[in-house]
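To find a chain, count down the sequence lines: A is the first, B the second, and so on, and within it residues start at 1. We use all heavy atoms of the structure for the numbers below, so side chains are in, but hydrogens, waters and symmetry mates are not.
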Number of protein chains: 2
Amino acid sequence: MLSDVAQLAGVSISTVSRVLTGRTPVSPRLRDKVQAAVSELGYRPNAAAQTLVSGRRSTVAVLARNTLRYGYAATLQGIEEAARAAGYVVSIAVVESEAPRDLDRAVDLVLSQSLAGAIVVEFDSLGVRTLESLPDALPVVAAAGARRRPGPRPHAFLDDQAGGEEATRYLLGLGHRTVHHVAIPSTRPRSGRTWGWRRALESAGVERPDVIQASYDPDSGYEAGLVLAADPAVTAVLCGNDELAIGVMRALTEQGRRVPEEVSVVGFDDQPFARMWSPPLTTVAQDFVDLGRRTFGMLARWVETGERPEDSAAKPELVVRESAAPPRV
Amino acid sequence: MLSDVAQLAGVSISTVSRVLTGRTPVSPRLRDKVQAAVSELGYRPNAAAQTLVSGRRSTVAVLARNTLRYGYAATLQGIEEAARAAGYVVSIAVVESEAPRDLDRAVDLVLSQSLAGAIVVEFDSLGVRTLESLPDALPVVAAAGARRRPGPRPHAFLDDQAGGEEATRYLLGLGHRTVHHVAIPSTRPRSGRTWGWRRALESAGVERPDVIQASYDPDSGYEAGLVLAADPAVTAVLCGNDELAIGVMRALTEQGRRVPEEVSVVGFDDQPFARMWSPPLTTVAQDFVDLGRRTFGMLARWVETGERPEDSAAKPELVVRESAAPPRV
DNA sequence: GCGGGTCCTGCAAACGTTGGTCAGAAGTTA
DNA sequence: TAACTTCTGACCAACGTTTGCAGGACCCGC
């Protein structure tokens, strides 16, 4: 309590407040006395009272479908890191499922706080819906996987379309006739890695196989791998993420098709285990931690200056390791 | 603002407050009018004002060394899930390094909020320091990896000592003469998986090799694997976590020692990729998500009833897959 | 030594809720 | 129909801070 400090220091409450906020000059003599009293009492300002009167908010909420999967967790880490450096607290709310009540629940919880702003991790279609259900008055920045044209809310994104294109061109460049694709669920139809893969094939004038739709998990990659293994024409596979890639590779090797000698496999994300796989996984590295930092940076600037930030993009990078090779002739 | 709602509904501010808090009965007629006004205006109570006057807090902070590594992220997920269900918001603060200023920074940020309580993820030695620097007045529960005797603060833990013991006995039971161990950094000397491994060897009356000390990462497992591979007497290795295990396996196979035919490897944690490895990894599964839920449950009960909770424990479970086998005769 | 200016300090009013107290209305019983 | 009980609704203080305003102390130059 400010009044206890004031009493111990023998000054008025407002002087203590001024010393602590630092906005108004206070004479060195009183300042020292106040600081001594503060540390003697171990005083901590009451956050509720502060935001009530000053309107200053210093927590930002993160809404995400998941916090465990690598991309989400890494983005969250980046956000937290940047927020902590800037003196903001970050709170999290996961949107459990597609069910409207789960969305409402998460949004309610988030809005029940006194927020400076919010970040939604828009790596999936639920993210898009989440973004829409937040009030317009709240500054919200989205951290997105795929590039998209500027919309009502600012986005920081990873240009995974460019990544998909690059990886596909790389496989084609190795001499493969075409590239198969095991896709993660996509946010919107014409964006993302799948679209990049498609464009690369088209601009190379090459036959485009059907997309094998999967989820995010290795199991689902394994299923896909089984159907791929059954088709002798398959020599190169681009997977929507690294988990899918290891599932695919597992199925392939179990069916006696060697990677990369008979089939090349490329992943996406460059999760920590990717380089430890056997063979070490060639994959498209996405810097999620940096995405998180950037997203928070945009939000903080918005909140502090009042200027709505521009979208920001970063290009993923192909990391060549050993799971892809030229086809056997 | 409550007054806007009151005006629109044609009632007094306190009536609106009564309707919203629900503590005092209000006639159905007015209640409906108020609720209509609330939804028309999209009114949300001001959280700062509420906690200021009522003293009710509904955010819990989580302090952790890391949020990306599997065990931490999964624990966090469990905490968040339970908290959301109970209507609490969770905020996170990572303690970046051993440096005191990083600890202070995180603790300051956490304490700058109006907290109901806090949880520290005590999987490492920094966790125990964090626990110590939180004020005694704040309800704090620790989520710990290793069993420990009851201390000043309540703990929820995973009994990884039992897990380490079981895994070691399993390898011995397969016929291995002894079991080598690649250890993660430990919180305290006589606890955890390493201690379990040691006890299992001792009670089997078997020679105990030196511990190979590693960090948490595959690279460090790889280093360890290299020294293990050079020693022909090594036939079974228990690793402190799954990342270490894959690093070890990679080094082993690179050096021409086949897993599990020549060397058996067992991991710890059962991360999602473990069952997709080749060979699928035999490992000690720890339910971190459940640990998180339990920890939050303890904290919530404490906060709500005022009774300090008892420690709670869960035993990990050995998941037998294909990376361990009887030694060649 | 005095007027004018510069700093500093303290008083008091907010910020948006909650919840206790009290008055008045409605319902019930004799 | 009067008196009594039981609710319902209005008013107001309080929560712990920040900050505009005004007055007090001190310093400088004339």
Side-chain angles (χ1 to χ4, degrees), chain A residues 1-38 41-59 87 89 108 111-116 135 137-138 304, chain B residues 1-38 41-59 87 89 108 111-116 135 137-138 304:
Chain A
M1 282 244 297
L2 221 39
S3 58
D4 297 339
V5 178
Q7 194 171 16
L8 181 60
V11 298
S12 75
I13 292 183
S14 14
T15 302
V16 179
S17 173
R18 281 194 259 265
V19 170
L20 294 178
T21 58
R23 287 187 202 300
T24 320
V26 172
S27 63
R29 201 176 50 90
L30 290 200
R31 201 190 313 134
D32 291 348
K33 281 199 344 200
V34 167
Q35 270 153 358
V38 163
L41 294 175
Y43 167 81
R44 301 256 175 197
N46 178 312
Q50 273 179 324
T51 69
L52 177 59
V53 64
S54 70
R56 222 172 310 121
R57 266 108 222 238
S58 56
T59 116
V89 168
D108 276 355
L111 296 180
S112 75
Q113 312 166 66
S114 298
L115 288 184
L138 187 71
E304 284 161 18
Chain B
M1 283 246 295
L2 222 38
S3 59
D4 297 339
V5 178
Q7 194 171 17
L8 182 60
V11 298
S12 76
I13 292 182
S14 17
T15 303
V16 180
S17 174
R18 301 248 145 91
V19 169
L20 295 177
T21 57
R23 285 188 200 299
T24 320
V26 173
S27 68
R29 199 176 53 90
L30 289 201
R31 202 190 313 135
D32 291 348
K33 278 194 358 194
V34 168
Q35 270 154 357
V38 163
L41 294 175
Y43 166 81
R44 300 258 175 194
N46 178 312
Q50 274 179 323
T51 68
L52 178 59
V53 65
S54 70
R56 224 171 308 123
R57 267 108 222 238
S58 57
T59 116
V89 168
D108 276 355
L111 296 180
S112 75
Q113 312 167 65
S114 297
L115 288 183
L138 186 71
E304 285 161 15

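- Note on Thr51(A): nothing from the nucleic acid sits closer than 4.0 angstrom, heavy atoms only.
- Along DNA chain D, the stretch of nucleotides lying under 4.0 Å from any heavy atom of chain A spans, 5' to 3', dG16(D) to dG20(D).
- Side-chain contact between Leu111(B) and Leu138(B) is present, with heavy atoms from C-beta onward closer than 4.5 Å.
- Remark on the helix from dG1(C)-dC30(D) to dA30(C)-dT1(D): inter-end axis angle 40°, axes from five-pair C1' superpositions, rounded to 10°.
- With respect to Tyr43(A), the side chain to side chain contact (heavy atoms under 4.5 Å, CB included) criterion is satisfied by exactly one of Asp4(A), Val34(A), Leu20(A), Leu8(A): Leu20(A).
- Distances shown here put a side-chain N or O of Tyr43(B) below 4.0 Å from the OP1 or OP2 atom of dT17(C).
- With values rounded to the nearest 0.5 angstrom, Thr59(B) atom OG1 is found 5.0 Å from Gln113(B) atom CD.
- What separates CZ of Arg44(B) from P of dT17(C) is a distance of 13 Å, to the nearest Å.
- Side-chain proximity of Arg18(B) to the nucleotides dG20(C), dT9(C), dG16(C) is greatest for dG20(C).
- Arg18(A) places no side-chain N or O within 3.5 Å of a backbone atom of Thr24(A) that could act as its donor or acceptor partner.
- Once rounded to the nearest 0.5 Å, the distance linking CD1 of Ile13(B) with OG of Ser3(B) reads 5.0 Å.
- Within the 4.0 angstrom heavy-atom criterion, only backbone atoms of the sugar-phosphate kind lie near Arg56(B); the bases stay farther away.
- We find the OG-CG distance between Ser112(A) and Asn46(B) to be 11.0 Å, quoted to the nearest 0.5 Å.
- Closest non-hydrogen pair, Ala48(B) versus Thr51(A), comes out as CB-OG1, 2.9 Å.
- Along DNA chain C, the nucleotide nearest Val26(A) and the nucleotide nearest Ala48(B) are compared for position; the residue whose nucleotide lies closer to the 5' end is Val26(A).
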Determine whether Leu30(A) and Val19(A) satisfy the following criterion, side-chain contact (heavy atoms from CB on, under 4.5 Å), listing intermediate values before the conclusion.
CA-CA 9 Å; Leu30(A) 290 200; Val19(A) 170; 5.8 Å; no

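- With values rounded to the nearest 0.5 angstrom, Ser114(A) atom OG is found 12.5 Å from Arg44(B) atom CZ.
- In this entry the distance linking CG of Leu2(A) with P of dA12(C) reads 17 Å, nearest Å.
- Protein atom CD1 of Ile13(B) is 18 Å distant from nucleotide atom P of dG20(C), rounded to whole Å.
- To the nearest angstrom, P of dA14(C) lies 17 Å from CG of Leu52(B).
- Residue-level contact check: Thr21(B) touches the backbone only, with heavy atoms under 4.0 Å from sugar-phosphate atoms and none from bases.
- Nearest-nucleotide positions on DNA chain D for Ser17(A) and Leu30(B) put Leu30(B) closer to the 5' end.
- With rounding to whole Å, Gln50(A) atom CD is found 16 Å from dA14(C) atom C1'.
- Summary of the strand contacts: Val53(A) and Ser14(B) both lie near DNA chain C, and taking for each the nucleotide with the nearest heavy atom, the more 5' one is attributed to Val53(A).
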